[in-house]
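Everything below concerns the one structure shown next.
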Amino acid sequence: MTATTDSPVADDTDDGPNDFLRDAINTDMADGRTSNGVVTRFPPEPNAYLHVGHAKAICVNFGIAEQFGGRCNLRFDDTNPVREEQEYVDSMIEDIRWLGFDWGERELYASDYFEQLFDWACELINKGLAYVDDQSADQIRATRGSLTEPGQNSPHRDRAAEESLDLFKRMRAGEFADGEKVLRAKIDMAAPNVNLRDPVMYRILRATHHRTADEWCIYPMYDWAHGQGDSIEGVTHSLCTLEFEDHRPLYDWYIEQLGIFPSRQIEYARGNITYTVTSKRRLLQLVEKGLVSNWDDPRLPTLQGMRRRGVPPEAIRRFWREVGVAKRENNVEVSLLEYYMRDHLNKVAPRFMGVLNPLKVVIENYPEGDVEHLEGVNNPEDPSAGTRQIPFGRELWIERDDFMEDPPKKFFRLAPGREVRLRYAYFITCTQVVKDESGQIVEIRCTYDPATKGGDSPDGRKVKATLHWVAASTALQAQVRLYDRLFTVENPTDVADDEDWLDNLNPDSLQTLETCYLEPALAELKVGEGCQFERLGYFCVDPDSTSQRLVFNRTVALRDAWSKVKKKGG
RNA sequence: UGCCCGGUCGUUCAAUUGGUAGGACAACGGAUUUUGGUUCCGUCUAUCGAGGUUCAAAUCCUCGCCGGGCAGCCA
């Protein structure tokens, strides 16, 4: 395969499973319909921030182009200036790049084709295939018929082509008020497919466009722009979501009447994920009502949010590739995404120790004031990551969950009289539990065995647990934000008429821990960089960090067999 | 009750196009382990229904049933 694509994605270039899109493309190639290569496009409307659902479309379109040695254009579908803004263009470009795709010089816009679209519209008018309608929006709606009844012809449907052409040019010239006239395709008001009932091609809209400013006061509709843009660009396969299936006859009709390059539209099912919402409207509500901090809230499935949370783009790409593409409605389990997050992070994330819910440990037989440095492996999955020195001392922090005064049978961490290993350090044995007047455990007293330095016992005795720890005297203090799924149910928007989908919000989706202790090496980590806190999960540095205090986001927890045992009442 | 699309393990995608229903995740069990992580091994579970064609049907046909989309001068 000759790879001429601009998007070499090194880590996931293997083709993955077959699907009906690739089958169709293979067939078209065999039939000689792709002599200039396979061309796809990702066509967002710049009116919102990209989310993980868009990522599927991006992966499908760029992925297929790459796999077939073709190319994928980025084309902004900017035909409605009242909704679109440059800010969204910029953020989309940033997000797609972050995901790992590249479109070379082909940053394209539907608005690039406004003049051509206008000329083609004139051509259709001349052929008697389009006409200017003077009816109001209400009248057009009223005469469109219903799902079960045909529509009625507009009184202007059969006006002379010359008259329509004149009117259309005057529409462009600004002689009419917004909404006063439209250009309509002349197809069939009795068509069972409502999209074919003389669809509107142009409306008059006095709004400043983010690229063409006030050059135009008429704007093409989606159907009369998208397929034409595809054709102009030589897009061989225009892959879109299922709701456009009913539009395909119109897509094909315009191309056929114009006799231009026949792009082929194929529809596939959008990707949904359990416990998350991706509709623009709903994401907007979450942000505007302050239910999340902003568009980049790490709990949101926006690409900005996922990036801030530390989700590796590789995981998103891998996820959508493995999920595949089909035509049936789907709701993929979020655990699959989490699996690929862990799978990637496990290979690349440097390990550190951090204590989230600290409990003080004093090693009674360790010399007061002494600090020694012990060697830790940075990444057991990647020897080239090397080692680091970790300071150890008489007073340490361990995780509160790692000690139980009266442990159940299957708990094999620290308990009175029990010996455990401190990772990379020593075996310690709990000798005493110190409580305050309310009975709360405030400190654990232990002894250590100097012969077990590094964590090995020369006499071969075993311990059942290895704990992470941080030396108190050199610890970094940090805030850590733990995220849980934003909703408590798999389908948050699946609610009865008298229910509010927002009632499904998880009240505990964010837990902020103000006093966490980290090993000092973590001070070197920069904003956005990720790591593993051993035994806990993957974390990354949040932009809220200051030189005074680090802030970490938990990207995803490690799989936790103990929590399952605990739940079962172990 | 118009038109279009879809229905395969809990989830999702496959099945060389009519020839032993398979993978991944999840779940469950076990081995290894200086992360109750990783890795490894194993187990469990599915063709919406009824007819028909055929030596043979997830696949083709018919009729049902269920789910989704469509009546913007949105995309």
Side-chain angles (χ1 to χ4, degrees), chain A residues 16-19 23 43-45 47 77 79-80 82-84 133 135-137 140-141 144-151 178-184 191-197 199-205 218-219 221-223 225-226 240-249 267 269 271 274 280 319 322-340 342-343 346-347 351 353 376-377 380-381 410-413 421-425 427 452 454-457 463-468 490 532-537 557-566:
Chain A
N18 258 19
D19 56 61
D23 287 347
E45 182 189 16
N47 73 340
D77 230 329
T79 58
N80 186 358
V82 308
R83 290 159 49 137
E84 295 146 8
D133 194 351
Q135 293 185 111
S136 68
I140 288 178
R141 189 178 315 116
R144 186 158 23 228
S146 73
L147 293 178
T148 52
E149 301 156 322
D178 286 12
E180 199 177 328
K181 293 189 188 330
V182 291
L183 183 71
R184 287 229 254 175
N193 181 341
V194 186
N195 292 121
L196 264 14
R197 318 239 261 232
V200 172
M201 296 170 66
Y202 276 96
R203 73 281 214 192
I204 303 172
L205 220 53
I218 58 172
Y219 290 93
M221 298 290 289
Y222 166 85
D223 289 302
H226 197 93
C240 63
T241 43
L242 254 25
E243 68 269 28
F244 293 103
E245 213 154 17
D246 289 340
H247 293 243
R248 182 161 19 100
E267 312 83 15
T274 56
K280 277 174 204 168
F319 170 73
E322 299 295 335
V323 162
V325 50
K327 290 194 76 164
R328 68 166 142 163
E329 305 285 332
N330 59 77
N331 203 13
V332 187
E333 289 178 344
V334 71
S335 60
L336 184 63
L337 211 210
E338 291 170 345
Y339 171 82
Y340 289 117
R342 292 190 189 102
D343 187 58
N346 177 50
K347 290 173 196 136
R351 270 63 167 174
M353 291 197 285
V377 173
E381 307 296 319
K410 287 182 178 160
F411 181 90
F412 35 84
R413 277 112 95 146
R421 170 169 39 234
L422 293 180
R423 181 141 227 224
Y424 300 131
F427 284 13
T452 58
D456 287 308
S457 58
V463 289
K464 291 200 80 175
T466 300
L467 310 189
H468 61 276
E490 283 196 357
Q532 182 191 109
F533 290 173
E534 295 220 28
R535 302 210 302 135
L536 296 175
L558 252 30
R559 282 183 59 193
D560 183 3
W562 164 237
S563 71
K564 284 181 192 172
V565 174
K566 216 165 37 174

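Naming: A, B, ... by sequence-line order, numbering from 1 per chain. It should be emphasised that the depicted structure is a prediction, and the values quoted were computed from it without experimental measurement.
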Problem - No-H, no-angle donor-acceptor pair, Glu490(A) side chain to G10(B) base, under 3.5 Å - result: no

Exercise for the section: Could you tell me the separation between the CZ atom of Arg559(A) and the CG atom of Asn346(A), rounded to the nearest 0.5 Å? Expected result: 11.5 Å

Practice task
When you get a sec, tell me which of G37(B), G69(B), A71(B) is the closest nucleotide to the side chain of Ser146(A)?
Solution key: A71(B)

Exercise for the section: Using only side-chain N and O atoms of Thr79(A), determine if any of them is under 4.0 Å from OP1 or OP2 of A75(B). Expected result: yes

Completion exercise
Considering only heavy side-chain atoms of Arg423(A), the closest of G69(B), U35(B), U1(B) is U35(B)

Practice task
Between G23(B) and A15(B), how far apart are the P atoms? Round to whole Å, please.
Solution key: 15 Å

Practice task
For Asn331(A), report the nucleic acid contact type (base, sugar-phosphate, nothing); a contact means any heavy atom under 4.0 Å.
Solution key: sugar-phosphate

Completion exercise
Interatomic distance, CG@Leu558(A) vs CZ@Arg535(A), rounded to 0.5 Å, equals 10.0 Å

Practice task
Look at all strands and tell whether Asp246(A) reaches a base, only sugar-phosphate, or nothing, counting heavy atoms closer than 4.0 Å.
Solution key: base

Handout entry: Closest to the Arg83(A) side chain, choosing from G37(B), C74(B), A71(B)
Key = C74(B)

Handout entry: Nucleotide G72(B), atom P - distance to CD of Glu243(A) in whole Å
Key = 16 Å

Problem - Sidechain-backbone polar pair: Thr466(A) side chain, Arg421(A) backbone, donor-acceptor under 3.5 Å - result: no

Practice task
Quick one: label Phe244(A) by what it contacts on the DNA or RNA (base, sugar-phosphate, nothing), any heavy atom closer than 4.0 Å.
Solution key: base

Handout entry: C1' atoms of G72(B) and U17(B), separation to the nearest Å
Key = 41 Å

Exercise for the section: Have a look at Ala326(A) and say if it touches a base, only the backbone sugar-phosphate, or nothing, with a 4.0 Å heavy-atom cut-off. Expected result: sugar-phosphate

Handout entry: C48(B) and G37(B), which share atom name C1', separated by this distance in whole Å
Key = 41 Å

Exercise for the section: Would you classify Pro249(A) as touching base, sugar-phosphate or nothing, given that sugar-phosphate means primed atoms plus P, OP1 and OP2, and contacts are heavy atoms under 4.0 Å? Expected result: nothing

Problem - Minimum-distance nucleotide (side-chain atoms of Val194(A) versus G72(B), C70(B), G6(B)) - result: C70(B)

Problem - Over 12 foreign heavy atoms within 6.0 Å of NZ, Lys464(A) - result: no

Problem - Donor-acceptor contact present, side-chain Asn18(A) to main-chain Asp23(A), <3.5 Å - result: no

Problem - Under-3.5 Å donor-acceptor pair between Asp560(A) side chain and G36(B) base - result: no

Completion exercise
Which of U12(B), C73(B), G36(B) is nearest the side chain of Arg535(A)? It is G36(B)

Problem - Syn/anti label of G72(B) as read from its glycosidic torsion, with the cut at 90° from 0 - result: syn

Handout entry: Sugar-phosphate, base or nothing in reach of Leu558(A), heavy atoms under 4.0 Å
Key = base

Exercise for the section: Output yes when at least one side-chain N/O atom of Arg413(A) is less than 4.0 Å from OP1 or OP2 of U35(B), else no. Expected result: no

Practice task
Rounded to whole angstrom, note down the P distance from C28(B) over to U38(B).
Solution key: 14 Å

Exercise for the section: Rounded to whole angstrom, note down the P distance from C73(B) over to C65(B). Expected result: 34 Å

Practice task
In whole angstrom, give the distance that lies between atom CG of Asn47(A) and atom P of G72(B).
Solution key: 19 Å

Practice task
In whole angstrom, give the distance that lies between atom CG of Leu536(A) and atom P of G37(B).
Solution key: 13 Å

Are any protein N/O atoms closer than 3.5 Å to N/O atoms in nucleotides 21-26 of chain B? If there are, list each pair with its distance.
{"residue": "A24(B)", "atom": "O2'", "partner": "Tyr340(A)", "partner atom": "OH", "Å": "3.4"}
{"residue": "C25(B)", "atom": "OP1", "partner": "Tyr339(A)", "partner atom": "OH", "Å": "3.1"}

Completion exercise
From CE of Met201(A) across to P of C74(B) the rounded distance in Å is 15 Å

Practice task
Report which part of the nucleic acid Val200(A) touches: base, sugar-phosphate, or nothing (heavy-atom distance under 4.0 Å, all strands).
Solution key: sugar-phosphate

Exercise for the section: Scan Ile204(A) against the nucleic acid and name what it touches under 4.0 Å (heavy atoms): base, sugar-phosphate only, or nothing. Expected result: nothing

Exercise for the section: Pull up the glycosidic torsion of U17(B) and say syn or anti, syn being anything within 90° of 0. Expected result: syn

Practice task
Can you run through RNA chain B from 5' to 3' and write each base as (, ), [, ], | or . depending on how it pairs? Watson-Crick or G-U wobble, both distances under 3.5 Å.
Solution key: .((((((..((((.....[..)))).(((((.......)))))....(((((..]....))))))))))).....

Handout entry: Sugar-phosphate only, base, or nothing, as touched by Glu534(A) at under 4.0 Å among non-hydrogen atoms
Key = base

Problem - Candidates C3(B), G68(B), G37(B) - which lies nearest the side chain of Ala561(A) - result: G37(B)

Handout entry: RNA chain B: 5'-proximal contact among Thr274(A) and His247(A) (nearest heavy atom)
Key = Thr274(A)

Practice task
Look at all strands and tell whether Glu45(A) reaches a base, only sugar-phosphate, or nothing, counting heavy atoms closer than 4.0 Å.
Solution key: sugar-phosphate

Handout entry: Separation between the C1' atoms of U11(B) and G7(B), rounded to whole Å
Key = 15 Å

Completion exercise
From the candidates G37(B), C5(B), C74(B), the one with an atom nearest any side-chain atom of Lys327(A) is C5(B)

Practice task
May I ask you to decide if Pro199(A)'s main-chain N or O and Arg144(A)'s side chain share a donor-acceptor pair within less than 3.5 Å?
Solution key: no

Completion exercise
Nearest heavy-atom approach of Leu205(A) to Tyr219(A) is O-CE1, 3.2 Å

Handout entry: Along RNA chain B (nearest heavy atom to each residue), the more 5'-positioned of Asn195(A) and Thr148(A)
Key = Thr148(A)

Exercise for the section: Mind checking Gln532(A) for me? I need base, sugar-phosphate or nothing, with any heavy atom below 4.0 Å counting as a touch. Expected result: base

Problem - Evaluation steps, side chain to side chain contact (heavy atoms under 4.5 Å, CB included), between Arg413(A) and Leu467(A) - result: CA-CA 8 Å; Arg413(A) 277 112 95 146; Leu467(A) 310 189; 3.6 Å; yes

Exercise for the section: Take the protein atom CZ of Arg197(A) and the nucleotide atom P of A71(B), then report the distance between them rounded to whole Å. Expected result: 11 Å

Practice task
Determine the contact category for Val463(A): base if any of its heavy atoms lies under 4.0 Å from a base atom, sugar-phosphate if only primed atoms, P, OP1 or OP2 are that close, otherwise nothing.
Solution key: nothing

Exercise for the section: May I ask you to decide if the ring planes of Phe244(A) and His247(A) are parallel, tilted or perpendicular, using 30° and 60° as cut-offs? Expected result: perpendicular

Practice task
Name the closest nucleotide to the Asp23(A) side chain, picking from U17(B), G37(B), A75(B).
Solution key: U17(B)

Practice task
Using the aromatic ring of Tyr222(A) (for Trp, its six-membered ring), decide whether it stacks on the base of A75(B) within the limits of 5.5 Å and 30°.
Solution key: no

Problem - Length of the CG-P vector between Leu205(A) and G72(B), whole Å - result: 17 Å

Handout entry: Whole-Å gap separating P (U12(B)) and CG (Asp19(A))
Key = 16 Å

Handout entry: Flag, side chain of Arg203(A) to backbone of Gly179(A), donor-acceptor distance under 3.5 Å
Key = no

Exercise for the section: Starting at atom CZ of Phe533(A), determine the distance to atom C1' of U38(B), rounded to an integer number of angstrom. Expected result: 19 Å

Exercise for the section: With the side chain of Pro192(A) defined as its heavy atoms from C-beta on, choose the nearest nucleotide among C3(B), C70(B), G37(B). Expected result: C3(B)

Practice task
Using a strict cut-off of less than 4.0 Å between a Lys/Arg side-chain nitrogen and an Asp/Glu carboxylate oxygen, indicate whether Asp343(A) and Lys347(A) qualify as a salt bridge.
Solution key: yes

Exercise for the section: Among the candidates G72(B), G2(B), G36(B), find the nucleotide nearest to the side-chain atoms of Arg144(A). Expected result: G72(B)

